[in-house]
Amino acid sequence: MENHLPPPVPSPLESIDDVIATLAAYQYIADRGLATAIYLALRRHKPLLLEGEPGVGKTEVARVLARALDTRLIRLQCYEGIDQATAVYDWNYARQLLYIRATERARESTGDGREGTAHVGDVFGPEFLIRRPLLDALDAAHERAPVLLIDELDRSDAEFEAYLLELLSDYAITIPELGTLRAECPPIVVLTSNRTRDIHDALRRRCFYYWIEYPTLEKEYAIVRARVPEAREVLARQVVAFVQALRGEDLYKAPGVAETLDWLGALVTLGHIELTEAGARDALGALLKYQDDLQKATSGNLLGKLVEKVRTTLSQP
Ligand SMILES: Nc1ncnc2c1ncn2[C@@H]1O[C@H](COP(=O)(O)OP(=O)(O)O)[C@@H](O)[C@H]1O
Ligand SMILES: [Mg+2]
């Protein structure tokens, strides 16, 4: 018998080109390599592990993906010492205590003196559970897979990573008092790392991996146009060329895309329509965040030379 089901709702991410176009609609510029990684991770239901220097757009991938897929973003920010109680679930001890006291009082007042305590099992029910991001993301009640962002995984320790590995292999969480909860719609998982330490092979193996490089000149220009549309074209071009050149210098902390955007924004706020040495200097705190780097840029006229170079290169036809 013919089955007259309605056609499947078209997903906006049906091909690599779709990924590029859809993310661009949300002001995220993905090159083909990254778009392919996203496409494959989605298609093959694998977590996406993104590594790269700070500020190259790792976290933003998850944010934009959630918006593009019109689904919830659940974020777990990792840090040293993160554990199950802060990442998965905890019991609401205060509420449990109140419940036990109230039950005792009720029993006393009704003269029911059989036993002065509440039943222990009563306070380990779902209403006393504090749901943390990982439990939230696996919650079977979601009718649509959320995007689960596990951000800056390199900040957590190996123990937590081992726990994650287990979670990402069967998308289930066991709470001894309540049983095992398995995700009906496994979340779309994006993990990021700034590589302050190495993520273990076992976890890498579970994931689709992509290293986000600093953007090329063309890509960074496209990002800047998308994110700071109010900036003059000349200024935008000069700023991008300047930052690209600056990254080639020996700095303690090279500026990421976030800093480029911030610097350009600051220059626009100061009313600049072209890059000048004085303007660059005034807004430099948006671009460089370490005293050593600021000193390096301002002493010995590095700043002046770079501004000059950018202006002459770009004024040539
Ligand atoms: N490819 C990109 N397209 C659009 N914006 C980008 C891109 N890469 C970085 N950005 C911007 O730069 C900022 C930093 O990105 P973020 O994702 O926080 O970096 P990371 O997580 O790698 O440190 C964000 O505000 C984001 O808007
Ligand atoms: Mg980040």
Side-chain angles (χ1 to χ4, degrees), residues 13 16-39 41 47-69 73-80 82 133 147-156 188-197 199 207-231 236-237 239-240 242-244 246-247 251-269 283 285-290:
L13 307 175
I16 296 165
D17 287 327
D18 272 352
V19 173
I20 295 175
T22 306
L23 297 195
Y26 291 93
Q27 285 83 45
Y28 190 88
I29 312 300
D31 44 42
R32 200 157 187 92
L34 176 58
T36 307
I38 294 171
Y39 176 75
L48 178 63
L49 172 57
L50 298 175
E51 278 195 324
E53 300 294 331
V56 292
K58 302 182 295 296
T59 301
E60 194 70 11
V61 167
R63 283 207 205 99
V64 169
L65 209 51
R67 290 175 63 202
L69 296 170
L73 173 71
I74 299 173
R75 177 177 185 175
L76 178 69
Q77 170 66 53
C78 296
Y79 54 87
E80 209 181 319
I82 191 171
V147 171
L148 170 63
L149 165 64
I150 301 174
D151 214 9
E152 304 187 345
L153 179 62
D154 51 327
R155 292 187 183 209
S156 70
I188 295 158
V189 182
V190 178
L191 302 119
T192 80
S193 163
N194 290 330
R195 226 174 42 163
T196 55
R197 72 164 175 85
I199 306 300
C207 301
F208 196 91
Y209 177 81
Y210 192 77
W211 170 263
I212 304 188
E213 283 285 355
Y214 283 122
T216 59
L217 186 107
E218 298 76 45
K219 181 177 170 185
E220 193 157 22
Y221 180 68
I223 295 171
V224 153
R225 293 309 276 167
R227 297 271 164 162
V228 194
E230 64 276 23
R237 283 196 190 283
V239 156
V240 170
F242 181 98
V243 175
Q244 294 264 331
L246 188 64
R247 286 195 192 116
L251 294 173
Y252 174 67
K253 179 67 198 69
V257 178
E259 284 71 32
T260 311
L261 294 173
D262 210 23
W263 194 47
L264 179 56
L267 288 167
V268 171
T269 302
L287 191 61
L288 296 173
K289 312 287 171 129
Y290 287 89

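In listed order, ligands and their atoms are each counted from 1.
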Quick one: look up the protein heavy atom nearest atom 4 (C) of ligand 1 and list residue, atom name and how far away it is.
-> Gln27 O, 3.2 Å
Can you check whether Gly57's main-chain N or O pairs, donor with acceptor, with Tyr28's side chain at less than 3.5 Å?
-> yes
Report the part of Arg227 (side chain from C-beta onward, or backbone N, CA, C, O) that has a heavy atom under 4.0 Å from ligand 1; answer both or neither where that applies.
-> side chain
Are the side chain of Lys289 and the backbone N or O of Pro255 linked by a donor-acceptor pair below 3.5 Å?
-> no
Sub-4.5 Å side-chain heavy-atom contact between Ile199 and Leu191 = no
Provide the number and element of each atom of ligand 1 under 4.0 Å from a heavy atom of Gly57.
-> 8 (N), 9 (C), 15 (O), 16 (P), 17 (O), 19 (O), 20 (P), 22 (O)
Looking at atom 10 (N) of ligand 1, what's its closest protein heavy atom, distance included?
-> Val257 CG1, 3.7 Å
Tell me: protein heavy atom nearest atom 18 (O) of ligand 1, and distance?
-> Thr59 CB, 4.1 Å
Is Ile223 touching ligand 1 with its side chain, its backbone, both, or neither, if touching means heavy atoms under 4.0 Å apart?
-> side chain
Going by heavy atoms in the side chains, are Leu34 and Ile38 under 4.5 Å from each other?
-> yes
Ignoring hydrogens and geometry, is there a side-chain-to-backbone donor-acceptor pair from Arg225 to Ala231 under 3.5 Å?
-> yes
Ligand 1 atoms nearer than 4.0 angstrom to some heavy atom of Ala258 are 12 (O), 13 (C), 14 (C)
Polar side-chain atom of Arg67 near backbone of Leu23 as donor-acceptor pair, under 3.5 Å | no
State the atoms of ligand 1, each with its element, that fall below the 4.0 Å cut-off from a heavy-atom position in Pro54.
-> 23 (O)
Would Arg227 and Ile29 count as a side chain to side chain contact (heavy atoms under 4.5 Å, CB included) if you check the C-alpha gap in whole Å, the side-chain angles of each, and the deciding distance to 0.1 Å?
-> CA-CA 10 Å; Arg227 297 271 164 162; Ile29 312 300; over 6 Å; no
Backbone of Asp154 reached by a side-chain donor or acceptor of Arg197 within 3.5 Å = yes
Ala226 touching ligand 1 at heavy-atom level, < 4.0 angstrom = no
Distance to 0.1 Å, residue and atom name: give those for the protein heavy atom nearest to atom 17 (O) of ligand 1.
-> Glu60 N, 2.8 Å
Gly55 near ligand 1, heavy-atom distance under 4.0 Å?
-> yes
Does Thr192 use its side chain to pair, donor to acceptor, with the backbone of Glu152 at less than 3.5 Å?
-> yes
Taking non-hydrogen atoms only, is Leu261 closer than 4.0 angstrom to ligand 1 via side chain, backbone, both or neither?
-> side chain
Would you call the rings of Phe242 and Trp263 parallel, tilted or perpendicular, where under 30° means parallel and over 60° means perpendicular?
-> tilted
Is the Mg ion (ligand 2) less than 2.8 Å from an N/O/S atom of Thr192, whether that atom is in the backbone or a side chain?
-> no
Heavy atom of Thr192 under 4.0 Å from ligand 1?
-> no
Is a donor on one side and an acceptor on the other found under 3.5 Å between the side chain of Gln27 and the backbone of Val64?
-> no
Among all protein heavy atoms, pick out the one at the shortest distance from atom 1 (N) of ligand 1; state its residue, atom name and that distance to 0.1 Å.
-> Ile29 O, 2.7 Å
Proximal atoms of ligand 1 relative to Tyr28 (non-hydrogen, under 4.0 Å) = 1 (N), 2 (C), 3 (N), 4 (C), 7 (C)
Close N or O approach (Lys58, ligand 1; < 3.5 Å) | yes
